[in-house]
Amino acid sequence: QVQLGESGGGLVQAGGSLRLSCAAAGRTFSTSAMGWFRRAPGKEREFVAVISWIAGRTYYADSVKGRFTISRDDAKNTVALQMGSLKPEDTAVYYCAADPGGLTPTEEWEYDYWGQGTQVTVAS
């Protein structure tokens, strides 16, 4: 079992930055792929970024590549999403997810555990 809790969401102006954090409780964190997804108003949840537990391999959605950075701290059981050059279209509820044993999963169905989400609003 892995329990996840996101924090760090809020309101930011376009062009600004925000850092999301996800705290995990559970023994499998260090061998889990950790991903971030988001759901914008009226849209389906979509993949944002993932970091593997092997060599910290990362993968990003094209829409955030070069602007967002995912990182993890296995000593603290946390994963972070540093978001920069934010755009109004980045407005969404952001979710943290865990896939024990996974490498760099990008599909919702590949993840076993999810957080409750944190709202990010980017004002134009």
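Any value given below was found using the heavy atoms of this structure, including those in side chains, with hydrogens, waters and symmetry copies removed.
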For this session: State which residues pass side-chain contact (heavy atoms from CB on, under 4.5 Å) with Glu46; sequence neighbours excluded, sorted by chain then number.
Result: Arg38
Seminar exercise, completed: Heavy-atom nearest pair, Arg72 first then Ser52, reads NH1-O, 3.3 Å
Problem set entry | Residue pair Gly84 / Ser17: nearest heavy atoms and the distance that separates them | CA-OG, 3.8 Å
Problem set entry | Lys/Arg-Asp/Glu bridge criterion (N-O < 4.0 Å) met for Lys87, Asp90 | no
Exercise. Transitive ILVMFWY cluster of Tyr113 at side-chain heavy atoms under 4.5 Å: who else is in it?
Worked result: Val2, Leu4, Val12, Leu18, Leu20, Phe29, Met34, Trp36, Val48, Ile51, Tyr60, Val64, Phe68, Ile70, Val79, Leu81, Met83, Leu86, Tyr94, Val120, Val122
Exercise. Centroid-to-centroid, Phe47 to Phe37, below 6.0 Å?
Worked result: yes
Exercise. So how far is it from Thr104 OG1 to Glu110 CD, rounded to the nearest 0.5 Å?
Worked result: 8.5 Å
Exercise. When you measure from the side chain of Glu6 to the backbone N and O of Cys96, does any donor-acceptor pair fall under 3.5 Å?
Worked result: yes
Problem set entry | Closest non-hydrogen atom pair, Tyr95 against Gly115 | CD2-O, 3.6 Å
Problem set entry | Ser30 side, atom OG; Asp73 side, atom CG - distance, nearest 0.5 Å | 12.0 Å
Exercise. Given side chains that start at C-beta, do those of Arg19 and Ser71 come closer than 4.5 Å, heavy atoms only?
Worked result: yes
For this session: Evaluate whether atom NZ of Lys65 has more than 12 neighbouring non-hydrogen atoms of other residues, nucleotides or ligands under 6.0 angstrom away.
Result: yes
Seminar exercise, completed: In terms of heavy-atom contacts, Asp99 and Pro105 come closest through OD2-CG, 3.3 Å
Exercise. Should we count CD of Gln3 as having more than 12 external heavy atoms under 6.0 Å?
Worked result: no
